[in-house]
Each structure stands twice: as C-alpha cells, then as structure tokens.
Amino acid sequence: MTVKIQCPCGAKYSFEVEPIEGRMPHAVNCPACQADGTEMANQLIAETPGKPRLRVHTATPVMGETPAPLPPALSRASAMQRIQQERRQYRAAGWIAGGVGVLLLALLGAWGWFAFVGSKPRLAYSVKVPGAEAAWQTGFLDTGVILLVSPDQATAHDLNSGKDLWSVSISDKTSASGAPPQTYLTKDSIWLCLGTRVIRLNRVTGAIQQTIPLAGQFQSFTPSDTSLLVVSAKDETTRLACRIDLASGDASTDEITVPRSEKHAMPNELPPNVQPTSGVLLAQALDEQKFNKPLDVMSSEFISTGANLVELRVQLLEPKVTYIQAIKPRGPTHINGSLTVGSSTADVAEEVFNDIKRDQTGGVKGIDESRYQATLRRWTGGATPVEWKSEVTGVPMFFPVKTVDLLVAGQQLTVFDKENKKLFDAKLAYAINGRYHPERWDHHSVPAVEGPGGLYFFDEGVLTAFSLPSGEVRWRLPSVGISKVQFDDHGVLYVDSTSGSPEDIQYSEQIKFDKAAPVLLKIDPASGKILWQVAQQGQRAFLSGPYLYTASADKGGVAMANGLAEALDTARPDAPVYFHLYRLDPENGKILWDFYRDEAPAELSFQQNRFLIRFGSDVQVWKFLTF
C-alpha cells in the first residue's frame, strides 16, 4: 500500500509498504529534516479501512550477524542538489539526442545531394576552337591540364585557373594537308608529327626542344614506349624509316628498298550452287571489288615493335577465293499466302530485304584462302636485318605487343620474341575481324593484350589465354564479336563483346532488325571465370584509375529505311545519333550515371573523375565528385 505523510517541517513524502499486523515493519524518516515518521505512518495504516493485511516473513538474522545499517537520509539541501543535477543530466541528454538527430538529417541530406547532384557530371570548362574542327586534336596533358593542338599551334590550358599555361606556334607552311598533328606524350615531352617534320616540346613550358625534318612523302607515324617510327616514301621502291629514341631524342634513318607494288586479279568464279542473277552480273561490272578483287602480288609494310623495326613483306604465290553462304538460304516464306496473324511486319520486311540483297550479291562472301609467302625482316641493331620466312594461307597481318609480336594469317597464329625467334604456333577457331586487314587497320588497335599470366588473344568468336613463352592454352572463352580486351590497375580483364552467336559469324551479311547487343564482361584472367557481365550499357569500355566508363553512339532512323539501304548497299538516310556515356560500378557493372547527347563526339578522353569531349569545335571538360 502507499503511505503519504506530511512532516511537521512541511515536507511531504510517500512510500510503498506492506504492513505487518497493521503496523510499519521498519522505521521511516523524513527525507528533509530526518524526523521520525514511523508513528504517523502506523496511524495512517490503522485509519485505512478495507486494506488486506499481508504478513511478510523476513529472514531471521543469523546468530552473530549484525543487520546492515540503513543508509542515512539526505538533507534537504542535498536533495535539492540531486534534483538539480538530474535536471541538468536530462537537459544534456536532450541536447545530445537533438544534436545526433540534426547530424543524421545533415548526413542524409548530404547523401541525397551527392547521390542525385554531386556524383553526376557537371560542366567544368568549355571553349570553342577556331578554324576547321577536323584539324584539332585535344586531350588531357596533366592533372587538371588539357592540350589543344592544331597544325598551327599547341596550347596547354589549366582548368583550375582558367588560364593558358603556355601556347606555342608550330605552323608548317610547307604542309597543306590541314590534318591534325599526330601526338604522343612521354614523361617530359610532347612529340608532334606534322608530316614534314617531328617537333619535340617541353611538357612544362611548351618550348620547342627539337625539330627533326622528314624527307619524302609521309606514310605512317607509329609510337611505342621507347621510340617513334616515321615512314615516308622517297619513290615507288624506296622507303625512309626514321626511328627516334624517346629517351635521348636521337634520330636514325634507314633507306630501304621495297618490291614494286603489283596487282593480280583473283578468280571471279561463283560457287556452283549460286546462280549469277542479273543483279550479281551488274554488280560485278560496276564494282570490281565485289568478286574480282585485285590483290598485291608483292607488298611491304613497316611496323615499330618498340624494341626494333620490322618490315612485313608479303608475296602472293597462289590466288584462291572460297565463297561461302553469307545470307541464310531461303526458307518457309511469310509471303504468298503464308501470312498469318502472328507474322510481324519486321519478319516480312527482313525476308524482302534479304531477297533483294541475295539478288544483288548471290548471298555469298569471299574468303581469301590464297597462299602467301610472309617474310619478317627485323632490324635488331646489326648491319643487316634478321629474317624469318614461311608460307601461310590467308592474308598475313602483323601486330606488336609488349614482349612478343604476332603474325596472323587465316586461322593461324604465330608468336615471335623481339629477336625474330618463333616461340609457338596456334590454331584459331575463327579468323580475326576484318577491321584488322591491311586496308582497314588503324595501326593502333591489336586483337590481343599481354598481361598477368601471358597473352590474351581473340578472334571473331573465342578469347584464348596463352602462357608465355610456351604457348600453352590456359583457358578459352567463347564470345562472338569481341572488339577489345584490357586490364585495370588490379590486373582484372575487361572485354568488349556482343550477345551474338556463331550463326552471326557464318551469316554475317544477313539483314536483321534485332541486332546483337553490346556486352561488357569482367573476367578473372587466372581462370577465365566471368565475374559479371552487362548488356546494352555501352559498346566501348574505358578505364581511368579506379573509374570504369562505357560509351555508345547509335544512329537512329526508321528501321525499314535502314534495312532497305543495307539491302541495296547504299548510305543510310540521315538520322540523329544517340550518344551515351555511362559510368559503371566496377564491383557489379551497375550504371551510376548516364551522360546523353544527340550527336556523336569527335574526341573523347578520360582522366580519373574528369572526361574531355569534343563536339565539332566545342571542347568540353566535365567533372563529378567522388569519395
């Protein structure tokens, strides 16, 4: 029961107690003045009617033990101090709780701002370059510094201050090509090839440190980690190969006699199962390249391997073209009474367009299976080049990588060291993509990359990991449409590919409205295991430090009009280009943001959390925040 007492001193206090025999089981004192209130409590207990009387049995003290004394009651001043202290503690707890709440709200607001605003790219710099837009080359030079180069001048611009660090005139009045200088950056220098000369600029000040004149008609500029190779033609059978050492700047030129370029007509017979329609005959008459392609009987090409110079000399021994079906044979038709409710307009259109294309070309494509003699002539420092010579089937193509060089012909891969010693041969599942053929190769892209564990080579349908120098196959990964392989800073492999199937390789001329989607794969180079893959999130991957970007530029237009243009082998109608630049999470491939424009950029480069993009003459630098 609750007992409430008012002490003669004026203090009021109460307590809970279970009376024994109607009386207090122990003494009680006023907390203010310490006066004994036991009798007043007994009187109140006696005056309380109807209350049950509970008997509380207390433990009997053990003989010899002294009961613990009751704690002394607090004085009135002490009680007030205790109450005030408790109030201060409550106020402090309230302030702390409020502060934590405000901090959580601030953190939540900051996260929301970063997620929806701060982490998205914002325009940090923009400039219009003068003159012809195609004559400019732009890109990052150093952290927060971009390089703008034209045939007339080179400028380094500081993004942080908004000012030019330096600008130098490089005008070459003897050259009227208007093409942008080809640029190569080293730790201390900027190398510019203008066709008639090579200029070396100081990377910090822009001062011209060296000028190397070039003789003859400019043909190619090939940089590597240790040297630059500039090839020019003195006349039809003489080439000047100028090698510039990047460390010292020393230049040496070799005058090399090459075979006279000759042509030989390939057989123009169609396979026996292909009828020469009027469309095919007309196409052959109008375009010699269709089925009567003239090939070089003898050709010569110079490539810098970094360590030395290689001439790939090719001689045609026996011409042979094998024709295969490149469009599916006619099957059950959707037309002529076979139309159903389930027949789609796209199905009918695809059938019509493929029939048109089949009538134009016979539905076949030629595979060059000629016999060639390939000679690798390598300048390793001696008076005469070291030669390797062999017969191959298919057009020979040469590609340098870090510590080895590759010779590809048809479905055969041969790997050499930098001294021209053959290391191993390998049979490929498919030929490499046609963009690597000599008439279309850009002299920069390579169907392989060298990295942790060896050589990673791809043909049209398979990525193969070879050990070096033995050539042992560690693993193979089927994937149709691979266009690039590269490593990040942690030694993980990224592969640009598609969702295509082997049928897409066989029937490469087939008109399809439903095209294979671009696919990006992240692969463990040790095992070939796919860590993740994403589709429709960009056609090309770019790595810059810990950041992963992908880009795609798709030309729009009406599908029917585009399909008809492909069937007739004419230019597609004008249509907008849909450009997307994505930032992906390297951990899972998810899109973090999507930068969109309705035009294709002329140039695109990356520097950590910045990217430079040029649309025509408009150079833009975008930046986003990150942790």
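This one's a predicted model, so the numbers in the text were calculated from it and none came from an experiment. Numbers for residues simply follow the sequence, beginning at 1.
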In terms of relative ring orientation, are Phe606 and Tyr549 parallel, tilted or perpendicular, with 30° and 60° separating the classes? parallel
Polar contact flag, side-chain donor to acceptor under 3.5 angstrom, Glu450-Thr403: yes
Please verify the inter-ring angle class for Trp532 with Tyr494; under 30° counts as parallel, over 60° as perpendicular, anything in between as tilted. perpendicular
Would you mind reporting whether Ser467 and Arg474 have side-chain heavy atoms less than 4.5 Å apart? yes
Measure the acute angle between the ring planes of Trp441 and Phe399, then classify it against the limits of 30° and 60° as parallel, tilted or perpendicular. perpendicular
Gap between atom CG of Leu455 and atom NZ of Lys402 - 0.5 Å precision: 12.5 Å
Take a 6.0 Å sphere around CD of Glu603 and say whether it holds more than 12 heavy atoms from other residues, nucleotides or ligands. yes
Take the angle between the ring planes of Phe416 and Trp388 and call it parallel below 30°, perpendicular above 60°, tilted in between. perpendicular
Are the side chains of Lys418 and Thr305 in contact, using a 4.5 Å heavy-atom criterion? yes
Measuring only between side-chain heavy atoms, which start at C-beta, is Leu406 closer than 4.5 Å to Thr414? no
Is the shortest heavy-atom distance from the side chain of Val408 to the side chain of Pro396 under 4.5 Å? no
Separation of Gln137 CD from Ser605 OG (nearest 0.5 Å): 10.0 Å
Residues Ser479, Ser497; criterion side chain to side chain donor-acceptor pair (under 3.5 Å); working and verdict: CA-CA 7 Å; Ser479 185; Ser497 188; 2.6 Å; yes
Hey, are the side chains of Arg313 and Leu376 touching, using non-hydrogen atoms and a 4.5 Å cut-off? no
pair Thr550-Leu520: side-chain heavy atoms closer than 4.5 Å: yes
Identify whether the distance between the nearest side-chain nitrogen and carboxylate oxygen of Lys328 and Glu503 falls below 4.0 Å. yes
